[in-house]
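Report on one structure; see the data block that follows.
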Amino acid sequence: MSSDEKPSAPRSLAEALRARDDASLAALLRARPDLVTPVPTDLTQLATRAGTRASVVRALEHLDRFTLQTAEALAVAAEPAAYEELLGLMAGDARDAAVVAALPGAVAVLREQALLWGDDDRLRLVRTARELLAPSPQHPSPTGLGPSVREATAGMSPGRIQEIVTAAGLASTHDSVSAVTALASLFSDRRRMSALLSEAPAESLEVLERLVWGPPYGQVTADPAARLRWLLDRGLLLPTAPGTVVMPREVALHLRGGHAHRRPEPVPPAVEAAAARRPQVVDAAAAGQAYTALATVEELLKDWDEGGPAVLRAGGLSQRDLKRTAVALDLSEPMAAFWVELAYAAGLIASDGEADERYAATPFFDEWVERPPAEQWVLLAQAWLAGTRTPGLIGGRDAKERTLSALGPGLDRSAAPEVRRRVLTLLAGLPEGTAPTAESVLARLAWERPLRGPQRDDDLRSRLARWTLSEAELLGITGRGALSSQARALLGAAAHPHGPAADQGTGSARDAGSPQGPGDKLPFHHHTVPAHAPGLVSPAERAAASAAAVRLLAPLLPEPLDHVLLQADLTAVAPGPLHRPLADVLGVLADVESKGGATVYRFTPGSVRRALDAGRSASDLHAFLAEHSRTPVPQPLTYLIDDVARRHGHLRVGAASAYVRCDDDAMLNEILADKRAVALRLRRLAPTVLAAQADPAALLDGLRAMGFAPAAESAEGDVLITRADAHRSPPRTAPEPVPEGPPVPDGTLLAAAIRAIRAGDLASTAPRKPAEDAIAQAPGALPRTSPADTLATMQAAVLTGEAVWIGYVNAEGSASQRVIAPVRVEGGFVTAYDHTADEVRTYPLHRITGVAELADDEA
């Protein structure tokens, strides 16, 4: 075919794909990434894969509502359908202007995603899509339309068909085919159909009104009423089974004014504003909540410092341990579960892997806690955005009616990252400081990714969206319901033309359905969650977005203080966040009594003893308090420290089984005489030594409960310093998100895949001369020739410089077709320029199944 000839209309999806350029094929593989795994050998295989049921179902589920409505209309149109017929089904007789404007875009999306092929005068849905969307008694069409007249009369007796034609006022015909055609033509003619219905009784018209928008099926008795008999006689209702009738599609379309859908939705619903506030107010509120989030996570991990709750046999946290954690954090159980799951998703907690397995902070927590607060928050926010674990499911039941527990299996939902990103992107589309209504957000998401089948208020995507709105507020991504400036900066990495942040104002499936890589990796630590779709956003873009978020958030967080206010009632008030060294020491020396805008610490004998056990001396504690208190150190606190220090270590507990020694035998006599010591089973070994049938830890706890201040000692007799060294799990990586289908291929993979598909298609479609002595083979099969003929053809091609078509089986047993230009044949190998791979390669002759010459015009 010469270059100036107009290409003929494609006869199949494969031919339609063959006419596409590389950019169009890349768009298809990006929109339907399952088609590229593994890479198809040629365009015919790509077309076959694009028509498989699983792939088509997935593609349909990623269409927006109007594009899906367009596909549903094509499923009830003629095969093939002209664009004008489709326009009539979508825009109706009145030609709705919004539908007319939006329909070309919807058709383009269906064509781009290989769900539709053919020119505008011969539009065809792929067969699988038509089967899924076309109406049937078992699966009514979402349009509410029933079968056509031709489909409904299939199997009806010729005599009955002629009776219907005559009753409808048409001339009888010689055969059933022409009779059915005449009846369908009548029902499709607006003028003649209106005249027929004008003669109908009012009761009959009421029956049609009840069926017109579906479902189109109804029940009748063996002796139908007069209003039904009038409709049955004229074919306005046709029997499909004993006792069941259906309204033919042509009749319904006439009554609907040509509309395939009751409410076409060419324009996505707007996200409505609930309230508007100054951006500064929103940012401040979000920053305050972000600081609370950091404090909550840190408090949770410190609560588990000495070893957290045990891991259930089936995995996860027991309800009792979750309740205890909620009490310790002063939160409700669902909120405690959210923070536990967030810490797990960020790689801050994991199981320790011991025989008595428990949850504990990871070594990464120690690194995270030393970071600036703004960086800490970005790490948490990125983990939340990328994670597929869904805390909102905790407490529910899985498919086997087992309770879903925090940190347990069964909480991953692959749609979660995409829904979170999309919800926040919709918020980002509003003016700064504007909070949306939850209902309008849910309505927009339902339009962008409608459910096929009955709509439910409790579908997973709606629940994920509701959880996203509440969790974003908890985490400080939103403030008072509006997206904060720091979150907008963080989401900047998602604003990519192939992601959901792209053009929000159209009905393109690319806007609503293209899965966006949720795991934008932070540049400053390797523990962050890997990107789900690494090709969509470059590391430089992610680094810039993260740095911008840190830069915006940092000035809004409260500056840490280096002082407290000591009070005479043995308390200390921290009027704000404390520098970490001060907070760590004070956390050992005193117990937290209350939290809020200011934290209140209380000094007790036990807390002071804890500081002494950690190696501090009384003089150290006095100096510490004097240095960091803005008020004079109260005398009661000085007395408390001195009193506990004076008694601390007077008794020594060591390991024999366990023993107590003291230079004051009177004190040992007092211990022996105390009834509370009975459980320790003490006996005197020497005037200054008591032996116990209890381990040292139990003996220490028992004596402390009796009011003494013993100190542990080593085998050498030195006092053991029990520093607050936390229990840590071995190094762990954060849990990997569970992807929703194959990841979107990056540009490099797309280019390589398209190149391989094109080359394979060249090899499979290149015209070739049939060899006279070639072994008989089926069309499309690998060429097969004898070894001698293969060698002779190769040697001849070297001399003439012509290209040949070969079949090749590699070492793994994978067969392929290739077009090569042999350069040299020697030693059982052929060296040739491989047009398939676009490079020079060497092939063993024994792996070549056969060879054929290309036709002269393609050589």
Taking atom CZ of Arg95 as the centre, report whether more than 12 heavy atoms of other residues, nucleotides or ligands fall under 6.0 Å from it. yes
Does Arg160, at its CZ atom, have more than 12 non-hydrogen atoms belonging to other residues, nucleotides or ligands within less than 6.0 Å? yes
Between Thr244 and Thr240 (side chain of the first, backbone of the second, donor and acceptor by atom type, cut-off under 3.5 Å), is there such a pair? no
Is the closest basic N to carboxylate O distance between Glu448 and Arg65 below 4.0 Å? no
Can a salt bridge be assigned to the pair Glu61 and Arg449 using a cut-off of 4.0 Å between side-chain N and carboxylate O? no
Using side chain to side chain contact (heavy atoms under 4.5 Å, CB included), reason through Val251 and Met193 one step at a time and then give a plain yes or no. CA-CA 8 Å; Val251 176; Met193 188 63 174; 3.9 Å; yes
Quick check for you: to the nearest 0.5 Å, what is the distance between Leu750 atom CG and Leu25 atom CG? 10.0 Å
Interatomic distance, Leu205 atom CG to Glu199 atom CD [nearest 0.5 angstrom]: 11.0 Å
Give a yes or no on this: more than 12 heavy atoms of other residues, nucleotides or ligands lie within 6.0 Å of atom CZ of Arg130. yes
Nearest heavy atoms of Ala50 and Ala114, plus distance in Å: CB-CB, 4.3 Å
If only atom types and distance count, is the side chain of Asp119 paired as donor or acceptor with the main-chain N or O of Arg122 below 3.5 Å? no
Cation-pi check for Trp230 against Arg227: NZ or CZ below 6.0 Å from the six-membered ring centre and within 45 degrees of the axis, yes or no? no
Using side chain to side chain contact (heavy atoms under 4.5 Å, CB included), reason through Leu103 and Leu86 one step at a time and then give a plain yes or no. CA-CA 9 Å; Leu103 187 59; Leu86 173 62; 4.2 Å; yes
Salt bridge Arg229-Asp223, side-chain N to carboxylate O under 4.0 Å: no
Heavy-atom closest pair, residues Pro104 and Val100: CD-O, 3.3 Å
Considering all heavy atoms, the nearest Leu125-Trp117 contact: O-NE1, 4.5 Å
Distance-only side-chain donor-acceptor flag, Ser188 / Ser185, under 3.5 Å: no
Distance check, rounded to the nearest 0.5 Å: Glu265 atom CD versus Thr67 atom OG1? 12.0 Å
With Glu250 as partner, the option from Leu145, Leu183, Val149, Leu255 fulfilling side chain to side chain contact (heavy atoms under 4.5 Å, CB included) is Val149
How long is the span from the CG atom in Leu46 to the CG atom in Leu29, to the nearest 0.5 Å? 6.0 Å
Would you compute the distance between atom CG of Leu236 and atom CG of Leu228 and round it to the nearest 0.5 angstrom? 11.5 Å
What distance do Ile757 atom CD1 and Leu17 atom CG have between them, rounded to the nearest 0.5 Å? 9.5 Å
Stepwise, does the side chain to side chain contact (heavy atoms under 4.5 Å, CB included) test hold for Val165 with Val180? CA-CA 8 Å; Val165 168; Val180 169; over 6 Å; no
Any idea which heavy atoms bring Val267 and Trp447 closest together, and the distance? O-NE1, 3.9 Å
Examine distances only and state if a side-chain atom of Arg413 and a backbone atom of Gly410 form a donor-acceptor pair shorter than 3.5 Å. yes
Look at the side chain of Thr153 and the backbone N and O of Met156, then say whether any donor-acceptor pair between them is shorter than 3.5 Å. no
Can you tell me if Arg463 and Thr390 form a side-chain donor-acceptor pair at under 3.5 Å? no
Output, in order, the C-alpha distance, side-chain angles, deciding distance and verdict of side chain to side chain donor-acceptor pair (under 3.5 Å) for Arg262 and Thr143. CA-CA 8 Å; Arg262 191 167 198 163; Thr143 62; over 6 Å; no
Considering non-hydrogen atoms only, spot the tightest contact between Thr70 and Ala106 and give its length. OG1-CB, 3.5 Å
Hey, is the main chain of Arg20 close enough, under 3.5 Å, to the side chain of Ser24 for a donor-acceptor pair? no
Between Arg461 and Glu418, does any NZ, NE, NH1 or NH2 come within less than 4.0 Å of an OD or OE carboxylate oxygen? yes
When you check the gap from the basic side-chain N to the acidic O, do Arg111 and Asp120 get nearer than 4.0 Å? yes
Grab the two heavy atoms, one from His261 and one from Glu72, that are nearest each other, plus how far apart they are. NE2-OE1, 2.8 Å
If we count only N and O atoms by modelled type, under 3.5 Å, do the side chains of Ser55 and Arg32 hold a donor and an acceptor together? yes
Just by distance, with hydrogens left out, do Gln162 and Thr173 show a side-chain donor and acceptor under 3.5 Å apart? yes
Count the heavy atoms belonging to other residues, nucleotides or ligands that lie under 6.0 Å from CZ of Arg127, then report whether that count exceeds 12. no
